[in-house]
Amino acid sequence: MRLTRWIPMAVIVAVGGISAIPARATTAYSVRHDTDSGDHSLYSIDLETGVTTLVGPITANLSGGGGVTYDRVAAIDFIGGDLYGVDYDKDQLIRINPATGQAFPIGGTNGVDGLGFDLAEDAATMNGEAVGLSFDPGNLLGGPLGSLYLTDFKGVDPAPFTFYEGTRYVLSLTTGAPVSEAALTNEFDDPVFEEYEVPTALVDRPGNTLFGFTSAFGAGQVWQFNNTEEGVAESLLVFGFYTTSSVFGGSNLGLDYEETPDLIWGILSEGGEIFSIFDIDGLDEDISDDVATADKTGFSSLGVYQPEAVAWQVAGGGDWDSDTNWDNPHAPGFAHTVTLAPTSAAVITGPAGVAMMQSLEIGSGNGHLADLQLQSTGTIYTLNGLTIKDDGRVSGGGTITGGPLQIDAGGELSVSGGGTLEADTDSVSNAGMITVNAATATFESLVTNQAGTGQINATGGTLNFNGGLLNQNTMSLNGTTVNGEVNSPSGSSIDIAGTSSFNDDYSGAGAFTGNGTAGFNAGFDPGDSVATVSIAGSLALGNSAMTKIELEGHAPGTGHDQVIVDGNVSFDGTLLVTVSSALESDLVPLDPFIVMTFASNPGESKFDAIDFTPPSAVPGLFFKAQYNTGDLTLLAAAADGDVNLDAAVDLDDLVVLAANFLQAVGTRAWGDGDFNGDGFVNAADLNLMAVNFGVSPTTDPLGWTAEELAAQVGITIVQTPEPASAVLFGIAALLLARRRQPHSD
């Protein structure tokens, strides 16, 4: 919409052509009502650029699992740092999280539709209350006067219609119900209009001043009301405009007050302009240009957000929700940066419900403990994060959500006695202490237990790392269940007492100290790459465990993973073996790898299976497990007789064996035909080959004996020694004959 000057019988400040907004990092919020797209969402607005950003629909999750969407929130504003709104369709006063759009219902307004809704910031007169409007009964083409549907009356002759006077109500922010009321009347006689509709937007200013916007017959005016004299309009203020087309009622206008500098902001539902209207004290005509850079059609409510600092002001402890404990007229709200740094030891209890704020710092390192004891029903929401500093502690149950959670050295996050703590934050960085005692702590994002000072101690409880845990320092677990992926790299440690179980993937080369039992029920990957992992207590692998062993060379700890268990071990689940490409060319069957040592295997337990994918160059290679008295040894293996490891025992393998028959070949000589590892190629190896001869990926062994295999090539194996050269000659000659003339089985 293009704005054009119109001069009423009052002092004027025109909107068109006003200068740039003073450079500040301020933000406003508005609700868009677009019936065409069905968009009834909360948006943030950059007051320097006019750019709007979708926050989300205004929805509430009710007790019992139900939900509700508030799509007729006609007006919003901040009070005490929190954002409130009125949904006229559901007759509800609600509190809104400006970061998400989540709504928290307060109560019914008993018919106050709230189209002219604003909040009282003046603690001396209306502390903690909201101002709303209601209109006398009557309909205007099916819609109440001042409703969001005024733009439906474009082109309609307004002459037959009557404007209704209204009533100003003060609503309780605790219940939503009206607690006082005053009539809003017009005492002005204007030569253009005989009557004005009651204001469709309100904005308050400290000093008992209430501003309202009226629109009629294509024109808009700002009025000033006195809050102490029953809301009577005292004077017509400094703004007037009319539209270039005949629009009944002009446009809906959202208003809000910004304390520094002393400005009133407005937003139009048609055309989408956003602007500062006037400087209240100086009545300066030269305030701002239209800074709209995006279409804001449908926006007709406005709440300007200005951060401010709030600190705990009492020497001892007290109730978070008590306004008198803060150096601000209200307990902290969304617009506040909050500090808990008492001058003596203090226990702060609460909040009982959802407390939203920009940021929260607890503790100051002054030697006095500041302990914020959360209630199970309470939620701390911080947009930019919660920091627990030295001498700070957060204890109890409840929920922490929003920006990053940072625990400095000397700070503590503690939950005990069956409590439940949920941290749904962007991240968690712990350089202090996280303590869980017979309780449950849930972290939805990655937790980093910082090197050097970070500690996590849990006894008889449950730790849920839904976003994972990176343990770079120390953990202490006593009878604790750990859910979520855990990585504990070299240089870290986990002390185990009793039996503590990891139910999701574990990895890392960190040491396990303590004499308890570490149980792994999912992935167990001992090492950052290849490493030696020590377990001072015992090891229990569950039936769903996947134990991973990496082989890169033959030396334990540097060439391949090795787990050294001082106590007992219980095997179960699957052993996953991986071989590096560098080892493939140097790996032959019968190569041993001692991958685990232990005091005993009392139940003589074994893995259910060994999972190994042979390299493409040697598809016949696999591994066998030897469960010895004090160790688990992996043996590289292949089908007896498969000299070239191609997964087939055939003529090619027999040729190699024949070439080395009755020769001493030394160690690791599988490729020469020594299948039993005794250093010689002889009838024993031929016998092993005979059992598998004919094996291929698609056939079964033919089941021949060594004599039958020898007969196929025209030799006879006798039990008495005979010259090696004669036997070798006979095999070689007949093999050459077979190559010249194919045989049939």
Side-chain angles (χ1 to χ4, degrees), residues 310-322 325-326 331-332 337-352 355 357 359-382 384-425 427-443 445 447-450 452-463 473-476 480:
V310 176
W312 187 261
Q313 70 171 353
V314 295
D319 184 2
W320 173 288
D321 295 323
S322 176
N325 289 329
W326 303 91
T337 58
V338 184
T339 302
L340 295 177
T343 56
S344 62
V347 176
I348 297 97
T349 304
M357 63 210 77
S359 63
L360 173 60
E361 286 190 357
I362 303 173
S364 62
N366 58 15
H368 305 297
L369 178 64
D371 184 6
L372 174 59
Q373 293 187 351
L374 297 179
Q375 299 186 38
S376 60
T377 59
T379 295
I380 293 288
Y381 175 91
T382 60
N384 297 315
L386 164 61
T387 301
I388 306 175
K389 302 171 70 68
D390 187 17
D391 292 326
R393 179 168 65 193
V394 173
S395 59
T399 301
I400 300 171
T401 186
L405 169 59
Q406 177 177 323
I407 307 171
D408 292 346
E412 182 181 6
L413 179 68
S414 174
V415 55
S416 60
T420 299
L421 175 72
E422 180 170 359
D424 187 6
T425 58
S427 62
V428 180
S429 176
N430 176 44
M433 179 87 69
I434 295 175
T435 304
V436 177
N437 187 2
T440 299
T442 299
F443 302 91
S445 59
V447 176
T448 301
N449 196 36
Q450 297 288 354
T453 58
Q455 299 180 61
I456 298 176
N457 299 330
T459 300
T462 300
L463 291 169
N473 200 47
T474 63
M475 294 181 68
S476 178
T480 301

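Along the sequence shown, residues carry numbers from 1. Hydrogens, waters and symmetry mates are skipped; everything else that's a heavy atom, side chains included, is used.
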Ignoring hydrogens and angles, tell me if any N or O in the side chain of Thr377 forms a donor-acceptor pair with the backbone of Ala352 under 3.5 Å. yes

Taking every heavy atom of Val347 against every heavy atom of Gln373, the minimum-distance pair comes out as CG1-CD, 3.4 Å

Any Leu374 side-chain heavy atom under 4.5 Å of Leu421 side chain: yes

For a 4.5 angstrom cut-off between non-hydrogen side-chain atoms, does Val428 reach Ser445? yes

Taking the six-membered ring for Trp, are Trp320 and Trp312 ring centroids under 6.0 Å apart? no

Between the main-chain N or O of Gly452 and the side-chain N or O of Asn473, is there a donor-acceptor pair closer than 3.5 Å? yes

Less than 4.5 Å apart, side chain to side chain, heavy atoms only: is that true for Ile388 and Leu405? yes

Spell out, as yes or no, whether a donor-acceptor pair under 3.5 Å connects the side chain of Asn366 to the backbone of Pro342. yes

Quick one: does Ile380's side chain get under 4.5 Å of Val394's, heavy atoms only? no

Side chain to side chain donor-acceptor pair (under 3.5 Å) against Gln450, all qualifying residues, sequence neighbours excluded: Ser429

Would you check if the side chain of Asp390 reaches a backbone N or O of Gly363 as a donor-acceptor pair within less than 3.5 Å? no

Taken in chain and number order and not counting sequence neighbours, the residues that satisfy side chain to side chain donor-acceptor pair (under 3.5 Å) with Ser395 are Asp371

Donor-acceptor check, side chain of Thr480 to backbone of Ala458, threshold 3.5 angstrom: yes or no? yes

Can a donor-acceptor pair be found, under 3.5 Å and without considering hydrogens, that links the side chain of Asp391 to the backbone of Gly367? yes

Using side-chain heavy atoms (C-beta onward) and a distance below 4.5 Å, is Val436 in contact with Leu463? yes

Side chain to side chain donor-acceptor pair (under 3.5 Å) involving Asn325 - partner list, sequence neighbours excluded: none

Among Thr387, Asn430, Thr453, find the residue that satisfies the side-chain contact (heavy atoms from CB on, under 4.5 Å) test when tested with Asp408. Thr387

Between Thr382 and Leu360 (side chain of the first, backbone of the second, donor and acceptor by atom type, cut-off under 3.5 Å), is there such a pair? no

